[in-house]
Amino acid sequence: MSFEALRCGVQFSPPSIILIYEHRESKRVRKRVMPVRNFSKYSDHSMAAERLKNHPRHRDYLLGVSQAQLEKLHVILRDHMEGLGLEHSLASFHLDPEEDLNKLDDDGLARKKGQMDGLFQRNRRRRSDPDFVYDVEKEFGKSGQEKCSWDEESDDGF
């Protein structure tokens, strides 16, 4: 049997992952509710997502769903269990260049680093790209440099 995942979502009570999929042979659109068992606000979201994706009952349905998307859904579930709102959970997935990453906890920092790594991989230029240039040289204006007194004084001793 082959299935094509169309949409994924979260149900908070009872905690479940909802999958809207299309059966390719019959062209029927169906809804599958996959309960998330043994998951608390202290659980690891990546392990829970991997366990759900490899579960024998759900494996065929979740082939078209990425591991990262399942992890995001589990993070939303965990944030809801901690009492945080949906807006807060969704805002944590966006990169803010002005945000101080030193103030984040380990889980939030790992999430932000993963997002930055994904953004880097999308913007990365590879040798096989048609607009790849090997040795790019750019000149920057010197108008931004300021004179410092310690630069001039340090030459006297050497």
Side-chain angles (χ1 to χ4, degrees), residues 1-138 140 144:
M1 289 196 257
S2 59
F3 307 100
E4 180 181 355
L6 300 176
R7 292 187 198 142
C8 284
V10 173
Q11 179 177 329
F12 294 127
S13 179
S16 306
I17 303 292
I18 308 294
L19 178 70
I20 307 292
Y21 67 94
E22 180 181 26
H23 191 270
R24 288 189 182 154
E25 295 170 4
S26 66
K27 300 293 184 193
R28 293 192 65 170
V29 176
R30 297 182 181 243
K31 173 181 164 182
R32 183 171 182 88
V33 178
M34 296 171 276
V36 179
R37 292 184 170 82
N38 301 326
F39 188 74
S40 69
K41 60 183 178 181
Y42 304 110
S43 299
D44 183 19
H45 58 87
S46 60
M47 291 292 289
E50 185 176 344
R51 190 173 51 228
L52 182 68
K53 190 165 177 86
N54 294 328
H55 193 280
R57 295 181 97 188
H58 308 303
R59 185 180 318 146
D60 295 335
Y61 298 95
L62 293 174
L63 284 176
V65 180
S66 69
Q67 179 79 16
Q69 186 172 7
L70 284 175
E71 288 179 11
K72 285 181 183 180
L73 294 174
H74 279 85
V75 166
I76 292 171
L77 271 175
R78 190 183 64 196
D79 287 349
H80 178 74
M81 290 177 178
E82 291 178 352
L84 300 173
L86 182 62
E87 294 81 19
H88 179 270
S89 297
L90 295 176
S92 70
F93 295 120
H94 298 292
L95 289 174
D96 182 17
E98 300 300 321
E99 183 178 16
D100 187 7
L101 299 180
N102 291 323
K103 296 180 180 179
L104 293 177
D105 59 340
D106 291 340
D107 184 45
L109 183 63
R111 189 183 316 167
K112 294 293 183 180
K113 283 186 174 183
Q115 291 172 349
M116 287 188 283
D117 188 42
L119 182 64
F120 171 76
Q121 292 298 332
R122 278 196 306 267
N123 294 334
R124 183 177 165 190
R125 301 287 170 117
R126 294 175 179 81
R127 290 185 183 206
S128 60
D129 291 342
D131 55 347
F132 177 77
V133 178
Y134 178 69
D135 192 17
V136 177
E137 293 183 13
K138 290 187 178 183
F140 297 97

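Computed from heavy atoms alone, side chains included, the values below leave out hydrogens, waters and symmetry copies.
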Quick one: side chains of residues 7-15, donor-acceptor pairs under 3.5 Å with protein atoms, not counting sequence neighbours, listed by atom name and distance.
| from | atom 1 | to | atom 2 | distance (Å) |
| --- | --- | --- | --- | --- |
| Q11 | NE2 | S13 | O | 3.2 |

Would you find more than 12 non-hydrogen atoms of other residues, nucleotides or ligands less than 6.0 Å from D106 atom CG?
no
Write down the atom of R124, the atom of D129, and the distance for their closest heavy-atom approach.
O-OD2, 3.8 Å
Under 3.5 Å, side-chain donor or acceptor atoms of residues 31-38 against the rest of the protein: list the pairs with distances, not counting sequence neighbours.
| from | atom 1 | to | atom 2 | distance (Å) |
| --- | --- | --- | --- | --- |
| R32 | NE | H58 | ND1 | 3.4 |
| R32 | NH2 | R57 | O | 2.9 |
| R32 | NH2 | H58 | ND1 | 3.3 |

Interatomic distance, CG@L84 vs CD1@I76, rounded to 0.5 Å, equals 12.0 Å
M116 versus K113: any side-chain heavy-atom pair under 4.5 Å?
yes
Less than 4.5 Å apart, any side-chain heavy atom of L109 and any of D105?
no
Starting at CD of E4, measure out to OH of Y61 and round the result to the nearest 0.5 Å.
15.0 Å
Pairwise distance OG(S43) to NZ(K41) - rounded to 0.5 angstrom
11.5 Å
Are Y42 and R78 close enough that some pair of their side-chain heavy atoms sits under 4.5 Å apart?
no
How many angstroms lie between CG in L62 and CG in N54, if you round to the nearest 0.5 Å?
9.5 Å
Check side chain to side chain contact (heavy atoms under 4.5 Å, CB included) between R127 and all other residues, then give those that pass, not counting sequence neighbours.
F132, Y134
d(L6 CG, I20 CD1) to nearest 0.5 Å is 8.0 Å
Over all atoms of both residues, closest heavy-atom pair of L70 and K53:
CD1-CB, 3.8 Å
Student check: side-chain heavy atoms of R122 and L119 closer than 4.5 Å:
yes
Can you name the salt bridge (charged side-chain N to carboxylate O under 4.0 Å, His left out) partners of K112, sequence neighbours left out?
E99
Are K27 and E22 close enough that some pair of their side-chain heavy atoms sits under 4.5 Å apart?
yes
According to side chain to side chain contact (heavy atoms under 4.5 Å, CB included), who are the partners of A48, at least two apart in sequence or on a separate chain?
F39, R51, H74
Listed by chain and number, what are the salt bridge (charged side-chain N to carboxylate O under 4.0 Å, His left out) partners of D131, not counting sequence neighbours?
R125
Is there side-chain contact between L19 and F3, with heavy atoms separated by less than 4.5 Å?
no
Rounded to the nearest 0.5 Å, what's the gap from NE2 on H45 to CG on D79? Could you check?
9.0 Å
Closest non-hydrogen atom pair between Q67 and S46, with its separation:
NE2-O, 3.6 Å
